[in-house]
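Predicted model only: the values in this text are computed from it and were never measured.
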Amino acid sequence: MKAHRTPWWQPAIGLALGLAAGAGVAVLGERYGLTLIGAPWFVAALLVAIGILVLVLAINVHKYATTDPRKRPRTFVNPTLAFHTLVLAKALALAGAALAGWYFGQIIPSVGHMEAEFYAQAVTECAVTGVICLADMIVGLVGEWLCQMPPNEGPENPKMRESARERGVTPAAAKTANNTMRNADRRC
């Protein structure tokens, strides 16, 4: 299975959509007198813990994948764990971008009311949580990079492709030619 890297525009769209949604919710909260802005401090702590967990898992996958099999650390990383780590990293990158936009979006309409203690506290909470979400987005993108496997010595390896190109034979043609030669040898 081949996983593709997250394109740069997906976190950017998540950030923009989160920004619009956060600002919209803050404006609606002001208009209708609802307390929809802010973020409890445990949300920031939880987001930090998730970011650390994904980073540790991605570093373990990277160490396992890039180390010589005879010198690998004692920790065992199976393909399922590596795949789940990659999915977590991708999800963290996109969710971090969207949540950063959400929290920063709530700040925009609230800055004009910062003389009130409630708004000052909400802006502080949103700013801290938004910065943590940006850090989670970066951790997710780095974790995704750490989870990529080094090229194996199979036909997809750039070295193997280059050597086949130099011989003037494509891998499929080389396989067919080898089978034809073997069949000819058997007949003789």
Side-chain angles (χ1 to χ4, degrees), residues 1-66 75 77 79-150:
M1 176 168 53
K2 189 171 187 176
H4 298 284
R5 300 284 306 267
T6 302
W8 66 268
W9 52 268
Q10 287 179 351
I13 287 176
L15 190 65
L17 290 175
L19 194 68
V25 165
V27 168
L28 286 174
E30 278 182 36
R31 183 172 295 152
Y32 296 109
L34 302 172
T35 57
L36 300 174
I37 61 171
W41 291 113
F42 76 88
V43 171
L46 185 63
L47 288 169
V48 167
I50 291 170
I52 290 171
L53 175 70
V54 169
L55 186 61
V56 167
L57 288 171
I59 288 171
N60 283 337
V61 169
H62 183 72
K63 281 182 186 177
Y64 188 82
T66 58
T75 59
V77 177
T80 304
L81 179 63
F83 177 73
H84 288 164
T85 302
L86 174 65
V87 171
L88 278 172
K90 284 178 171 283
L92 186 65
L94 296 176
L99 286 172
W102 172 265
Y103 290 118
F104 289 139
Q106 290 180 17
I107 293 173
I108 295 169
S110 302
V111 168
H113 308 290
M114 281 193 51
E115 64 276 353
E117 184 180 336
F118 169 75
Y119 283 103
Q121 178 70 22
V123 166
T124 304
E125 291 170 351
C126 287
V128 169
T129 308
V131 169
I132 290 170
C133 289
L134 278 179
D136 276 351
M137 179 188 73
I138 293 168
V139 164
L141 293 172
V142 168
E144 184 181 349
W145 177 82
L146 288 172
C147 287
Q148 69 185 359
M149 296 294 291

> Might you work through the side-chain contact (heavy atoms from CB on, under 4.5 Å) test for V61 and L57, ending with a clear yes or no?
CA-CA 6 Å; V61 169; L57 288 171; 5.6 Å; no

> From L92 CG over to I138 CD1, what is the distance, rounded to the nearest 0.5 angstrom?
11.0 Å

> When rounded to the nearest 0.5 angstrom, what distance separates CG in L55 from CG in L88?
12.5 Å

> Decide yes or no on side-chain contact (heavy atoms from CB on, under 4.5 Å) for F118 and I37, but give the supporting numbers first.
CA-CA 10 Å; F118 169 75; I37 61 171; 4.0 Å; yes

> If you look at every heavy atom in A23 and P109, which pair is closest and at what distance?
O-CG, 3.8 Å

> Using 0.5 Å steps for rounding, measure from the NE2 atom of H62 to the OG1 atom of T85.
13.5 Å

> Rounded to the nearest 0.5 Å, what separates atom CG in L146 from atom CG in N60?
10.5 Å

> Please find the pair of heavy atoms, one from L99 and one from C133, that lie closest to each other, and give the distance.
CB-SG, 3.5 Å

> What are the two closest heavy atoms between L15 and A97, and how far apart are they?
CD1-O, 3.2 Å

> Any chance you could measure L81, atom CG, to Y64, atom OH, to the nearest 0.5 Å?
11.0 Å

> Quick one: does any side-chain atom of Q106 pair with a main-chain N or O of G38 as donor and acceptor, under 3.5 Å?
yes

> In this structure, are over 12 heavy atoms from other groups packed under 6.0 Å from E117 atom CD?
no

> Can you tell me which residue pairs pass the ring-ring contact (aromatic ring centres under 6.0 Å, His included) test with a partner in residues 12-50, sequence neighbours excluded?
none

> According to the side chain to side chain donor-acceptor pair (under 3.5 Å) rule, which pairs have a member within residues 118-145, sequence neighbours left out?
T6-E144, K90-E144, Q121-E125

> Should the heavy atoms of other residues, nucleotides or ligands under 6.0 Å from CZ of R31 be counted, would the total exceed 12?
no

> What heavy-atom pair brings R5 and L141 nearest, and what distance separates the two atoms?
NH2-O, 4.2 Å

> Which heavy atom of A39 sits nearest to which heavy atom of Y103, and what is that distance?
CB-CE2, 3.5 Å

> Please find the pair of heavy atoms, one from P11 and one from M137, that lie closest to each other, and give the distance.
CB-SD, 4.0 Å

